[in-house]
Q: 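Here you go, one structure.
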Amino acid sequence: YNDIKIVEKIIEGKSNRVEKIKAVYEYLQNNTRYVSIQLGIGGWKPFDATTVHQQKYGDCKALTFYTQSLLELIDIPSYYTLVNAGYGAEEIDMDFPSSQFNHVFLCIPDGQDTIWLECTSQTNPFGYLSDHTSDRNVLIIGKDKSYIQRTPAYTIKDNRKIGTAKLTIDEDGNTKGKFKQDYYGLEFNSAGFTYFVNQSLKEQENWIEEQLSSKSFDLENFELNIYNDPKIQGEMKSDLTSGNFASTVGKRIFIKPFFLNDSKLPKIKTENRKTDIRIRQSFLHLNEYIFDFPDGTTVEKGIENLNIENEFGNYSIQTSFEDGQYKVIRSMSLNKGIYPAEKINEFVDFLKKIEKIEKKKVVLVNE
């Protein structure tokens with residue numbers, strides 16, 4: 001493909017190299033779609049770039065080659081890159097030359113850094129690798145020689161889900177307010193965010209409701225947003241109303257505060273376990289809940305402040321009550337690693353403690 005006028009229009013007004021690369025990537029996302037033709041089965045040679053430009057679709061090989069061709073027209077070198085992609089994919093064996101790859105994406109050297117582009121995705125933010133291609137050895141195809149390079153790993157500093165919720169509850173238990181949850185790093189891939197952001201409003205509403213441990217809320221003005229920003233990838237937010245999130249008995253008001261967290265214990269085999277425990281990614285989930293109650297309300301039974309820390313991760317609760325406002329800050333992190341099978345009971349006990357705490361009710365009295 002050699003229509004330089006198209007690329008000049010794409011990068012019009014872009015002053016630096018990274019802005020130009022980002023503009024080309026966003027043009028690709030907005031003007032093409034991915035068609036799955038498995039690497040090897042559909043052949044190793046990509047469609048030519050002109051065909052992709054005209055037809056506006058291609059497989060990973062074709063879309064990567066097309067992006068590479070657009071960048072070449074503005075003298076930005078990039079490299080077709082082979083990867084064994086997928087969550088939990090096996091590492092390639094570098095001592096045994098063979099066909100070990102199932103996907104293609106693009107590598108762009110940028111001074112001391114490297115920009116990686118997933119050319120098959122219409123939702124990935126610029127430079128975002130995801131758990132599909134991060135933290136593994138890949139084969140970069142150069143003009144004169146090819147070489148192995150490792151893609152960046154996302155750490156607990158990157159993988160974060162930060163939620164805030166503020167609700168007002170009256171003396172009859174009627175509740176209204178709003179919440180927002182931001183996704184960073186590999187948490188952007190979690191629970192289907194990248195899929196549902198492009199689905200119908202009804203499907204989005206159903207998915208958001210599934211993310212809430214309390215099923216008593218009605219959603220209003222909900223949104224799923226993606227940001228082409230390395231500091232934040234996704235946002236879920238909604239206004240909330242409910243007639244039964246808070247229950248009342250006489251002067252007492254009962255709530256289960258942790259409605260943004262589903263801490264239901266997964267099925268984990270503990271008896272006669274032979275295999276190691278594998279936590280594939282580190283992450284941090286941090287939530288702040290603020291509940292406003294009527295004047296004269298006091299706390300009869302609250303959640304205790306606590307901090308549980310072990311080799312698997314950390315869990316902490318901090319609470320406060322002032323001027324009718326009950327605040328809960330909840331933090332949970334898990335540490336990536338492989339742990340011996342004999343520690344399975346310790347690991348499950350840690351998760352059970354979290355599950356038990358997050359089933360507790362807060363009891364308030366409206367005097």
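A quick note: this is a predicted structure, and the numbers were derived from the prediction, not measured.
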Q: Considering only NZ, NE, NH1 and NH2 on the basic side and carboxylate oxygens on the acidic side, decide whether Lys251 and Glu300 come within less than 4.0 Å.
A: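 No.
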Q: Donor-acceptor pair, Glu203 side chain versus Ser200 backbone, under 3.5 Å?
A: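 Yes; judged by distance alone, with no hydrogens or angles, the pair exists.
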Q: Donor-acceptor pair, Gln233 side chain versus Gly185 backbone, under 3.5 Å?
A: yes
Q: Does Gln181 reach the main-chain N or O of Ala165 with its side chain, forming a donor-acceptor pair under 3.5 Å?
A: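 No: the side chain of Gln181 does not pair with the backbone of Ala165.
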Q: Aromatic rings Tyr289 and Phe258: how do their planes relate, parallel, tilted or perpendicular, breaks at 30° and 60°?
A: perpendicular
Q: So which of Leu71, Leu28, Thr51 actually passes side-chain contact (heavy atoms from CB on, under 4.5 Å) with Tyr66?
A: Leu28
Q: Among the clusters formed by ILVMFWY side chains lying less than 4.5 Å apart, do Leu167 and Val363 turn up in the same one?
A: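 Different clusters: Leu167 never reaches Val363 through Ile, Leu, Val, Met, Phe, Trp or Tyr contacts under 4.5 Å.
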Q: Do Asn310 side-chain atoms and Gly313 backbone N/O form a donor-acceptor pair below 3.5 Å?
A: yes
Q: Run the salt-bridge test on Lys202 and Glu205 with the 4.0 Å N-O cut-off and return the result as yes or no.
A: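 Yes, Lys202 and Glu205 are salt-bridged.
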Q: Hey, are the side chains of Glu19 and Lys22 touching, using non-hydrogen atoms and a 4.5 Å cut-off?
A: no
Q: I'd like to know if Val249 and Val362 are part of one continuous hydrophobic network [Ile/Leu/Val/Met/Phe/Trp/Tyr, side-chain heavy atoms within less than 4.5 Å].
A: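 Not linked; separate clusters.
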Q: Between Arg273 and Ile268, is any pair of side-chain heavy atoms under 4.5 Å apart?
A: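 Yes; the side chains approach each other to less than 4.5 Å.
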Q: Check the side chains of Ser242 and Asn244 for a donor-acceptor pair under 3.5 angstrom, ignoring hydrogens and angles.
A: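 Yes.
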Q: Just do the side chain to side chain contact (heavy atoms under 4.5 Å, CB included) check on Gln29 and Glu26 with the steps written out, would you?
A: CA-CA 5 Å; Gln29 290 183 304; Glu26 291 176 351; 4.3 Å; yes
Q: Take the angle between the ring planes of Phe291 and Phe259 and call it parallel below 30°, perpendicular above 60°, tilted in between.
A: perpendicular
Q: Does the side chain of Asn305 come under 3.5 Å of the side chain of Gln318 through a donor N or O and an acceptor N or O?
A: no
Q: I would like to know whether Lys61 and Asp59 meet salt bridge (Lys or Arg N to Asp or Glu O under 4.0 Å); could you show each step before the answer?
A: CA-CA 5 Å; Lys61 305 184 298 294; Asp59 63 3; 2.5 Å; yes
Q: Given the rule that I, L, V, M, F, W and Y join up when any side-chain heavy atoms are under 4.5 Å apart, are Val328 and Ile290 in one cluster?
A: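 Not linked; separate clusters.
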Q: Mind checking the CG-CD1 spacing from Asp349 to Ile344? Nearest 0.5 Å is all I need.
A: 10.0 Å
Q: Mind checking who shares a hydrophobic cluster with Leu284, ILVMFWY linked at side-chain heavy-atom distances under 4.5 Å?
A: Ile156
Q: Measuring from atom NZ of Lys301 to atom NZ of Lys361, what distance do you get when rounded to the nearest 0.5 angstrom?
A: 10.0 Å
Q: Salt bridge or not between Lys161 and Asp182? Use side-chain N to carboxylate O under 4.0 Å.
A: no
Q: Working to the nearest 0.5 angstrom, can you tell me the gap between His103 NE2 and Cys119 SG?
A: 8.0 Å
Q: Under 3.5 Å, is there a donor-acceptor pair between the side chain of Tyr1 and the main chain of Asp48?
A: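 Side chain of Tyr1 to backbone of Asp48: no pair is present.
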Q: Could you tell me if the side chain of Phe47 sits less than 4.5 Å from the side chain of Ile37, heavy atoms only?
A: yes
Q: Using ring-ring contact (aromatic ring centres under 6.0 Å, His included) as the criterion, point out the one residue from Tyr154, Tyr183, Trp116, Tyr227 that pairs with Tyr128.
A: Tyr154
Q: Would Tyr326 end up clustered with Phe254 when hydrophobic side chains under 4.5 Å apart are linked, directly or stepwise?
A: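 No, Tyr326 does not connect to Phe254 through the hydrophobic network.
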Q: Could you tell me if the side chain of Val24 sits less than 4.5 Å from the side chain of Thr67, heavy atoms only?
A: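 Sidechains of Val24 and Thr67: in contact.
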Q: Look at the aromatic rings of Phe196 and Trp207 and report parallel, tilted or perpendicular, splitting at 30° and 60°.
A: parallel
Q: Just wondering, do Glu187 and Arg160 contact through their side chains at under 4.5 Å, heavy atoms?
A: no
Q: Find out whether Lys143 and Tyr79 are in side-chain contact, i.e. whether some heavy atom of one side chain is under 4.5 Å from a heavy atom of the other.
A: no
Q: Got a second to check how far Ile317's CD1 is from Asn287's CG, nearest 0.5 Å?
A: 9.0 Å
Q: Test of understanding: with side-chain contact (heavy atoms from CB on, under 4.5 Å), list the residues that count as partners of Lys176, not counting sequence neighbours.
A: Thr241
Q: Do Ile115 and Leu106 sit in one hydrophobic cluster, given that two such residues count as connected whenever their side-chain heavy atoms are within less than 4.5 Å of each other, even indirectly?
A: yes
Q: Mind checking whether Leu306 and Ile357 have side chains closer than 4.5 Å, heavy atoms only?
A: yes
Q: Answer whether the closest heavy-atom distance between the side chains of Phe321 and Lys327 falls below 4.5 Å.
A: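 Sidechains of Lys327 and Phe321: no contact.
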